[in-house]
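Notes follow once the structure below has been shown.
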Amino acid sequence: SLAAMLVFYNAIYAYKCYYEEKKFNWLIFVLMGVGAAYTHYFALVSIGIIYLILGIFIWLKKKADFGYWTGAIICSIILYLPWLSFFIKQLIYKVNTE
């Protein structure tokens, strides 16, 4: 339920990032996304879809905010790097056991 809540808040702040031009919204958007990604792998996929949809909407309508979106992705990847090694190890283990 924690992952669902964080994904929900990430979606809300994606909406706010699109309609309100505040840096605080981008910060909360990134933090909720990274928190959800750390919580569950399915949440990681959901967050990726939210990032993608937001990116498409920004690309089509608000190209001025594309830098904020790119920065949010870079920050999210940097914040997820400590867990990435565990993710890769689990992925390799899963492939080798099948």
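Atom set for the values below is all heavy atoms of this structure, side chains included, hydrogens, waters and symmetry mates excluded.
- Atom-to-atom distance recorded for M32:CE and I50:CD1 is 12.5 Å, nearest 0.5 angstrom.
- Y38 meets the side-chain contact (heavy atoms from CB on, under 4.5 Å) test with V34, Y80, P82, W83; sequence neighbours excluded.
- Each salt bridge (Lys or Arg N to Asp or Glu O under 4.0 Å) pair with one or both residues in residues 46-63, not counting sequence neighbours, appears once here: E21-K62, K62-D65.
- Follow the hydrophobic side-chain contacts under 4.5 Å out from L31 and you never reach I12; the two are in separate clusters.
- Taken together through direct or relayed side-chain contacts under 4.5 Å among Ile, Leu, Val, Met, Phe, Trp and Tyr, L84 and I78 form parts of separate hydrophobic clusters.
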For residues 22-30, which side-chain donor-acceptor pairs fall under 3.5 Å, sequence neighbours excluded?
residue: N25; atom: ND2; partner: E20; partner atom: OE1; Å: 3.2

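- Remark: I53 engages I49, F57 in a side-chain contact (heavy atoms from CB on, under 4.5 Å) (not counting sequence neighbours).
- Hydrophobic clustering (side-chain heavy atoms under 4.5 Å, transitive across Ile, Leu, Val, Met, Phe, Trp, Tyr) groups I56 together with I47.
- Across all their heavy atoms, A43 and A36 have their closest contact at CB-O, 3.2 Å.
- Follow the hydrophobic side-chain contacts under 4.5 Å out from F86 and you reach I77 in the same cluster.
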N/O donor to acceptor pairs below 3.5 angstrom from side-chain atoms of residues 67-76, sequence neighbours left out:
residue: W69; atom: NE1; partner: Y51; partner atom: O; Å: 2.9
residue: T70; atom: OG1; partner: F66; partner atom: O; Å: 2.9
residue: S76; atom: OG; partner: Y51; partner atom: OH; Å: 2.5
residue: S76; atom: OG; partner: A72; partner atom: O; Å: 2.8

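- Looking at residues two or more places apart in sequence or on another chain, you find a side-chain contact (heavy atoms from CB on, under 4.5 Å) between S46 and V7.
- Here the OG1 atom belonging to T39 is positioned 10.5 Å from the CG atom belonging to L44, to the nearest 0.5 angstrom.
- Separating the OG atom in S85 from the NZ atom in K89 is a distance of 5.0 Å, to the nearest 0.5 Å.
- Residue-environment remark: CZ (F8) stays at or below the threshold of 12 foreign heavy atoms within 6.0 Å.
- When ring centroids are compared, Y13 and Y9 stay outside the 6.0 Å threshold.
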